[in-house]
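What follows is one structure encoded as structure tokens, with my remarks underneath.
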Amino acid sequence: MVSDFERAIPEFSLILPIGISFYTFNSLSYTIDLYNGKTKKARSWLHFMAFISFFPHLVAGPIIRAKDVLLQLEKKNKINITEIYHGIGTCIWGLFQKMVVADNLAIFVNNTYSDNNVSDTLTWWVCGLAFSFQIYFDFNGYSTIARGLAKLCGIHFRLNFNYPYRSLSFNEFWKRWHISLSTFFRDYVYIPLGGNRKGFWKAELNKWLTMLLSGLWHGANTTFLVWGALHALFLSLETMIGKFILKSIHLPRIINFGIVFGGTLLAWVFFRSPDIDFAFYVVKCMLSFEHSASYRTLLTGGVSVWIILAVLLEFIPFTSRFLIKSKYWFIQVFIWSLMIVTILFFRGPEQDFIYFQF
């Protein structure tokens, strides 16, 4: 029951600009790099404001560095038909990833997480697989759209995702996943703490502090903290096993892949769950094998179709061969046209970008 005193307290809400975290990251990186002599001072106030407030990346990244963008602004790159052509194609590819792959996977993921009665092992493993690809194609889709929009403005962003689920180690995974954020924490947290320059155990401590801070950046929630701690644990175990146990033994690639992908999938459970208790409940269901749904679970909401499509896009070099590197423009135009048709007729229900909340 609300007391009269509590009713008398006016509600307080803080109005913050859209993309405040990315304004902050840009400002910090510019200030620190300028102090350390790693970038030059912006030629003008206009250049500085253009770097800080460049619209394509502000809502959900990728994080851009001053030395990359300011140099391009100084060169006054001219926008030509080739840049427009590639910019439009890149935006179409990003929209396809988001609206067709991620949004259709979201149907099954959201329904499963909102149903408190789901307890069978198979459903939760399928859901974990679906969310792993949902968050990847959701965020990579946004990053790709941002890169396309930047191209239309004559600015080039670095690649933010590089087929992360192909990784054979957790260290490799973090070199491929959300590259702009992982390199930001490496350059401005891990290395300033001492990196690996002060001995093995100090390096491990720095690694844990960096990953825990990365988790907290996503939100002041225990689930994100556990997600960061799990990846810190994976990285530490990988380093220690490689250093002290398996110095001269090389596991088959398929085993390395299974360990990395499986560990990443389990960590995503904490990232997606609304609270820590629900996350542990999901993990318990996944590891108990006490219940098992029929294989019709795979067909629920057509989730199997979208998982298969996601797997093909991630593990078969289709995009790099035809969408990016193909020298035949008519092949690219044909594929982009197919993507537009697919977006129009097979897009999933409208979903906010997952990283809008961070």
*Assert yes or no for the condition that the ring centre distance of Phe315 to Tyr165 is strictly below 6.0 Å.*
no
*If you measure from the Lys or Arg side-chain nitrogens to the Asp or Glu carboxylate oxygens, is any gap between Asp33 and Lys67 under 4.0 Å?*
no
_Pair Trp177, Ser182: side-chain N/O donor-acceptor within cut-off below 3.5 Å_ = no
_Around atom NZ of Lys38, are there more than 12 heavy atoms from other residues, nucleotides or ligands closer than 6.0 Å?_
no
*Within a strict 4.5 Å, meaning less than it, do heavy atoms of the Gln97 and Leu313 side chains meet?*
no
*Just wondering, more than 12 heavy atoms not from Ile254 lying within 6.0 Å of its CD1?*
no
*Looking at side-chain heavy atoms only, is the closest gap between Thr112 and Arg272 below 4.5 Å?*
no
*Ring-ring centroid check Tyr85 Trp336, cutoff 6.0 Å*: yes
*Can we call the ring centroids of Phe48 and Trp45 under 6.0 Å apart?*
yes
*From Phe96 atom CZ to Phe346 atom CZ, the distance as rounded to the nearest 0.5 Å*: 10.5 Å
*Trp174 and His231 side chains, donor-acceptor separation under 3.5 Å*: yes
*Identified side-chain hydrogen bond (donor to acceptor under 3.5 Å, both in side chains) counterpart of Asp103 within the set Gln134, Gln351, Lys98*: Lys98
*Between Lys175 and Glu172, is there a salt bridge with N-O shorter than 4.0 Å?*
no
*Please confirm whether Tyr113 and Trp124 have ring centers closer than 6.0 angstrom.*
yes
*Side-chain H-bond candidate by donor/acceptor type, Thr223 with Asn221, under 3.5 Å*: yes
*asked:* Starting from Leu213, can I reach Met211 by hopping between I/L/V/M/F/W/Y residues whose side chains sit under 4.5 Å apart?
replied: yes
